[in-house]
Number of protein chains: 2
Amino acid sequence: MSPKEKIEISTEEKIKITARQVFLKKGFAATRTRDIAEEAGINLALLNYYFRSKAKLFEIIMTETLSSFVGSIQKVLNNEETTLEEKISQLAASYIDLLKSEPEIPTFLVTEIRNNPKELKSKFPLGQKILQSRFYEQYQEAYQQGKVKEAHPLHFMLNLIGLIVFPFVAKPLLMEVSEVGQEQFETVMEERKRLIPLWLKAMMETE
Amino acid sequence: MSPKEKIEISTEEKIKITARQVFLKKGFAATRTRDIAEEAGINLALLNYYFRSKAKLFEIIMTETLSSFVGSIQKVLNNEETTLEEKISQLAASYIDLLKSEPEIPTFLVTEIRNNPKELKSKFPLGQKILQSRFYEQYQEAYQQGKVKEAHPLHFMLNLIGLIVFPFVAKPLLMEVSEVGQEQFETVMEERKRLIPLWLKAMMETE
DNA sequence: GTCTATAGGGGGATAGAC
DNA sequence: GTCTATCCCCCTATAGAC
């Protein structure tokens, strides 16, 4: 490749990128391969040439999306240099940034897992990874030192993730049903980067 | 109708009940009218005889589900006899009870609104109803008295609803990805009836 | 590799008998 | 009202030319 050469995206890559957008937006069932082909500016036959079937293509997208999602979080969870509080702040900030750039991810995952709950666990032992993380260790330490009041860590995890993710799940409904617009939503999410760690601290000290 | 007569469900009603279950579980796009007919123990043609089309049937289900959902909440929001704190407790308790009996509702609403964001607003001016509620009035009073620290009420609403609803949205993923089972989930949700009001109070006093 | 044309099947809807 | 049989469209997938 000469240095002058324009960076061209291969047809295969173009299909994948487009497919990702469409699948994220509409979900597997509601997506037609024609939508993808059209939007990618290629012929429908090419999609099958490269990926054999809609299902295969979808599985690739799904796996890659989950991998990068899980991977990005694991780095934070297992950082040996940071305290529990710092990890919470980092999680809130990086999660929110990620979801601001791809707000459809939570709804996408929720609907696709509903329709196909199988095989996820074996591929992504997420629960296990959390339980084995430095993050979880630090949480347990805090609990033993009496800094955390509520016994069941499930509450803590639900609260941490829910406070971050739920607004994105509720966003379409919220924007439809109220006067909240895109700009205001983003402002509020920026504020939450700061607020969520404070809230969680206050919640953890409550019984 | 003689008093002795068994209470028989009309075919129309039977279709509607079944359709509701299937739609809630799989969503509009992934549901086949054949699924509904089969599970209702009737013939496919009957479905169209009574409801003309899949879309019409779906719209009826959707409207009724939303109506009862919204209605049940409005009663709590506009109760003149209760304080803000009591309303929060009641909302948590009755919402959680409702969702324990029909846990698919949140995911259902989220996915269907994504696929069809139109017309919801006009039919259910939910945002407006909240802003005009006694509940919201009391929240504003609390804010003016300095009991609530954070300026934007959107945070408060997102937190209130998110703490209640998010676990149900995350439930399929949670149960797939961890060792949490149905029983444990229900126990945790019962605890949250008590905890959410406490947490919210603590959060509201945090800046 | 990329296209056109078409096969093949599934699913929503209807005609018409009972 | 309820059924069987069937239509027909839409969508996925493939065959085959270029």
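The sequence lines fix the lettering, A, B, ..., with proteins before strands; numbering per chain opens at 1. Bear in mind that the values here come from a model prediction, so they are computed numbers and not experimental data.
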Show, in sequence, the C-alpha distance, side-chain angles and deciding distance for A/Asp35 and A/Arg32, and conclude whether the salt bridge (charged side-chain N to carboxylate O under 4.0 Å, His left out) test is met. CA-CA 5 Å; A/Asp35 297 338; A/Arg32 297 172 311 152; 2.8 Å; yes
Residues A/Gln132, A/Tyr136; criterion side-chain hydrogen bond (donor to acceptor under 3.5 Å, both in side chains); working and verdict: CA-CA 7 Å; A/Gln132 294 169 355; A/Tyr136 192 70; over 6 Å; no
Letter per nucleotide, 5' to 3', of nucleotides 12-18 of chain C [B base touched, S only sugar-phosphate touched, - untouched; heavy atoms, 4.0 Å]: BBBB---
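Taking A/Gln182 as the reference, A/Lys171, A/Glu186 meet the side-chain hydrogen bond (donor to acceptor under 3.5 Å, both in side chains) condition, with sequence neighbours excluded.
If you measure from atom CZ of A/Phe28 to atom C1' of D/dT12, you get 10 Å, rounded to the nearest angstrom. Rounded to an integer number of Å, the gap from B/Phe51 CZ to D/dG1 P is 12 Å. We find that CD of B/Glu38 is positioned 11 Å from P of C/dG11, with the value rounded to whole Å. Taking atom CG of B/Leu46 as the reference point, atom P of D/dT2 lies 5 Å away to the nearest angstrom. Atom-to-atom, CD of A/Glu12 to C1' of C/dT2 comes out at 14 Å; the value is rounded to the nearest Å.
If you look at B/Phe23 and B/Phe108, their ring centroids are not closer than 6.0 Å. Aromatic ring centres of A/Phe185 and A/Phe168 lie closer together than 6.0 Å.
The number of heavy atoms from other shown groups lying within 6.0 Å of NZ (B/Lys100) is above 12.
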